[in-house]
Amino acid sequence: LQVKSKTAKGKLNLKANRQVEQAWKDWSQSRNCAWDSRMSFVEMQRLFIETAARDGEVLVRIIRDESKYGFKLQFLDVNRLDENLNKDLGNNYCIKMGIEFDPTGKAIAYHISTHIDVEVYATHHKTERVPAENMIHCFLAERPEQIRGATWMASAMSRMNMLSSYDEAVLVNARISACKMGFYTSEAGDSFVGEEDYEGNLVQEAEAGMFEQLPAGTSFTSFDPSQPTTAFKDFNKAILRGIASGLGVAYNSLSSDLEGVSYSSIRSGTIEERDQWRVKQNWMIQHFMLPIYEQWLSMQLLKNTMNQDMTQYESLLEVRWQAKSWNWVDPLKDIKASVEAINAGIKTRSEVISEQGGDIEDVYAQLKYAYFWSSGYAYYQFPHAKKKKPRGRGGSYVWILISTALSRTEKIPANAPHQVEMCARRVAHSRKDARVRAILAAAGRGKILPSSFESIIRLVVSIQCTLCTSS
């Protein structure tokens, strides 16, 4: 989640954005977002897409309680929504397949079974009417006025069953072929030592290295199964290709078969597959992530958990969701292509960073941190400091460190040391940072020892990064 709200002057409201993002991150923990505290929000996203692919639809119930954020989610089994529950309620209101609709065809409620056990789903002795605003029902619609979803594997299920049966038959045949057996026969046949069931029938089992005595009047005709044959590999590959086509994924990704694959061929198939995943990512964002965020944000503004009021609601709805990205097999070519696209004006840096799964603001903040630390800027001393006597034991150097860190953020020239020092005091008090105030006070009294310089520098760097991202 990347909040992009702006102030009245059209600039990013970094303070409000950071507050919302931090609150959302804390809510995403399992103790805050799940009604049973079992899953984090990341795990819920995984469960959402797996359920959608397997069952074709997802049911999520929104629970508002008296917890810290007052907003929790509960995933429900789609079998709780009885497809046999159909009823005419009068005045053009009706229930179709467990969903209640108004005269315009809009879902207004869901009739959910109160039973949890799968064995009693079919009976549905008792149902609970849940308003639609407290339910999220997601599925990929394939035709107009569709009200329930179908599994994404529908077109591949027959081939999957065929492949499973074929593999089982080949495995049994190969096992029998590997079991070399023999039989003893006698003219009298009175020394039978084989096994029989309780009805007197011979137990027909094949076990490697087993020799048994046949009873009188019984003969054995051998057969030699030759499995798996050379056609097994080609048949298996053909069925898997049909399954991959039905699932909308690349054959190489499904089967993990990279035999005979070139860079160009796997790139072509991967691009097409990733386009399909991006479509599903956008569908998940629009129908799952965004509705949850809108209702979550409304609840937090009402509870005042982020020091924001309802007047900021529309502005805080300006968000961007960063979905999973992928890396290429040859990243050097991809980076060169991105650089050329930026130089040609075809792409922006923000687009390139987003394709890699990052945020341009976070990247720039990290670059500022790295530059500030690696360039030795934290150890820079103003010219006047050499002429100035240290305050006590190392006090002036602490002032220089803090002033230098704040000079870049507050855009004060380096040749104005007194303004920098005043700026340090002003920022320390205006931002109410206890760490900065403690350093300033200790530096003024000369109570900081030279042995503490390294820890002070680290603290100044962390303060610098905080100020850079908030200024």
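Keep in mind that the numbers below use all heavy atoms, side chains included, and drop hydrogens, waters and symmetry copies. Residue numbers run from 1 in the order of the sequence given. Nothing here was measured: the structure is a model prediction, and the numbers come from that model.
Between Trp24 and Tyr293, the ring planes lie perpendicular to each other; the angle is over 60°, past the 30° to 60° tilted range.
In Arg38, the CZ atom is not crowded: 12 or fewer heavy atoms of neighbouring residues, nucleotides or ligands sit closer than 6.0 Å. The environment of NZ in Lys336 is sparse: at most 12 heavy-atom neighbours from other residues, nucleotides or ligands sit within 6.0 Å. Taking a 6.0 Å sphere around NZ of Lys25, one finds it holds 12 or fewer heavy atoms contributed by other residues, nucleotides or ligands. Surrounding CE of Met157 are at most 12 heavy atoms belonging to other residues, nucleotides or ligands under 6.0 Å away. By the 6.0 Å contact criterion, CH2 on Trp277 is open, its count of non-hydrogen atoms from other residues, nucleotides or ligands being 12 or less. When the shell of 6.0 Å around CG of Asp309 is examined, it contains more than 12 heavy atoms from other residues, nucleotides or ligands.
Note that CE of Met160 and CG of Leu247 are 6.5 Å apart. Values are rounded to the nearest 0.5 Å. Taking CD1 of Ile49 as the reference point, atom CE of Met284 lies at 5.5 Å (rounded to 0.5 Å). Ser40 contributes atom OG, which lies 11.5 Å from atom CG of Asn32 (distance to the nearest 0.5 angstrom). Rounded to the nearest 0.5 angstrom, Ile147 CD1 and His137 NE2 are separated by 9.0 Å. The CE atom of Met310 lies 10.5 Å from the CD atom of Gln312; values are rounded to the nearest 0.5 Å. In this structure, OH in Tyr69 is found 3.0 Å from CG in Asp26, a value given to the nearest 0.5 Å.
A distance-only check finds a donor-acceptor pair linking the side chain of Asn17 to the backbone of Asn13 [under 3.5 Å]. Under the 3.5 Å distance criterion, the side-chain polar atoms of Gln300 are left unmatched by any main-chain donor or acceptor of Met306. Checking side-chain atoms of Glu351 against main-chain N and O of Lys347 turns up no donor-acceptor pair under 3.5 Å. Checking side-chain atoms of Arg80 against main-chain N and O of Ser113 turns up a donor-acceptor pair under 3.5 Å. Checked by atom type and distance alone, the side chain of Ser30 never pairs as donor or acceptor with a backbone atom of Phe41 at under 3.5 Å. In this structure, the side chain of Trp27 engages the main chain of Phe71 through a donor-acceptor pair within 3.5 Å. Ser315 places no side-chain N or O within 3.5 Å of a backbone atom of Ser5 that could act as its donor or acceptor partner. Although no hydrogens or angles enter the test, the distance criterion places a donor-acceptor pair under 3.5 Å between the side chain of Ser165 and the main chain of Asn161. Using modelled atom types, no side-chain atom of Glu294 and backbone atom of Leu317 make a donor-acceptor pair closer than 3.5 Å. Of the possible polar contacts, one joining the Glu21 side chain to the Val3 backbone as a donor-acceptor pair under 3.5 Å is found.
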Where do Ile292 and Ile136 land on the side-chain contact (heavy atoms from CB on, under 4.5 Å) test, with the steps shown first?
-> CA-CA 9 Å; Ile292 288 177; Ile136 296 178; 3.3 Å; yes

Mind running side-chain contact (heavy atoms from CB on, under 4.5 Å) on Gln45 and Met289 for me, showing each step along the way?
-> CA-CA 9 Å; Gln45 296 175 50; Met289 308 292 292; 3.8 Å; yes

Stepwise side-chain contact (heavy atoms from CB on, under 4.5 Å) test for Tyr93 and Asp102 = CA-CA 5 Å; Tyr93 286 85; Asp102 64 5; 3.6 Å; yes

For Trp296 and Cys33, run side-chain contact (heavy atoms from CB on, under 4.5 Å): C-alpha distance rounded to whole Å, both residues' side-chain angles, the deciding distance at 0.1 Å, then the answer.
-> CA-CA 10 Å; Trp296 174 86; Cys33 66; over 6 Å; no

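When side chains are defined from C-beta on, Val319 does not count as touching Leu297, because their heavy atoms never get closer than 4.5 Å. The shortest side-chain heavy-atom distance between Ile112 and Arg61 does not fall under the 4.5 Å cut-off. Counting heavy atoms from C-beta on, the side chains of Met39 and Leu73 never come closer than 4.5 Å. Using a 4.5 Å heavy-atom cutoff, the side chains of Phe288 and Val58 are not in contact. Using a 4.5 Å heavy-atom threshold, the side chains of Leu76 and Val60 count as separate. Met97 is not listed as a side-chain neighbour of Leu81, based on a closest heavy-atom distance of 4.5 Å or more. You'll find the side chain of Asn236 reaches within 4.5 Å of the side chain of Asp167, heavy atoms only. The closest side-chain heavy-atom distance from Trp321 to Leu1 is below 4.5 Å.
Screening residues 235-255 for ring-ring contact (aromatic ring centres under 6.0 Å, His included) gives Tyr166-Phe235 as the qualifying pairs, with residues at least two apart or on separate chains.
Residue Arg31 comes nearest to Lys72 through the heavy atom pair O-NZ, 4.0 Å, listed as atom of the first residue, atom of the second, then distance. Nearest heavy atom pair, residue Lys68 against residue Thr305, reads O-CG2, 4.0 Å. Scanning both residues, Glu142 and Gln146, for their nearest heavy atoms gives N-OE1, 2.8 Å. Considering every non-hydrogen atom in both Leu59 and Val78, the closest pair reads CD1-CA, 4.1 Å. Taking every heavy atom of both residues into account, Leu47 and Thr51 meet most closely at O-OG1, 2.7 Å. The nearest pair of heavy atoms linking Ala53 to Thr151 is O-OG1, 3.1 Å.
Just one of Arg129, Lys87, Lys106 meets the salt bridge (charged side-chain N to carboxylate O under 4.0 Å, His left out) condition when paired with Glu100; it is Arg129.
Of the N and O atoms on the side chains of Thr114 and Glu128, not one donor lies less than 3.5 Å from an acceptor on the other residue.
Here Lys237 does not pair with Asp234 in a salt bridge; the nearest charged N to carboxylate O distance is not below 4.0 Å. Using a 4.0 Å cut-off between a side-chain N of Lys or Arg and a carboxylate O of Asp or Glu, Glu318 and Lys6 do not qualify as a salt bridge. We find that Glu50 and Arg54 are not joined by a salt bridge, their nearest charged nitrogen and carboxylate oxygen being 4.0 Å or further apart.
Both tests hold for Lys280 against Trp152: distance to the six-membered ring centre under 6.0 Å, angle to the ring axis within 45°.
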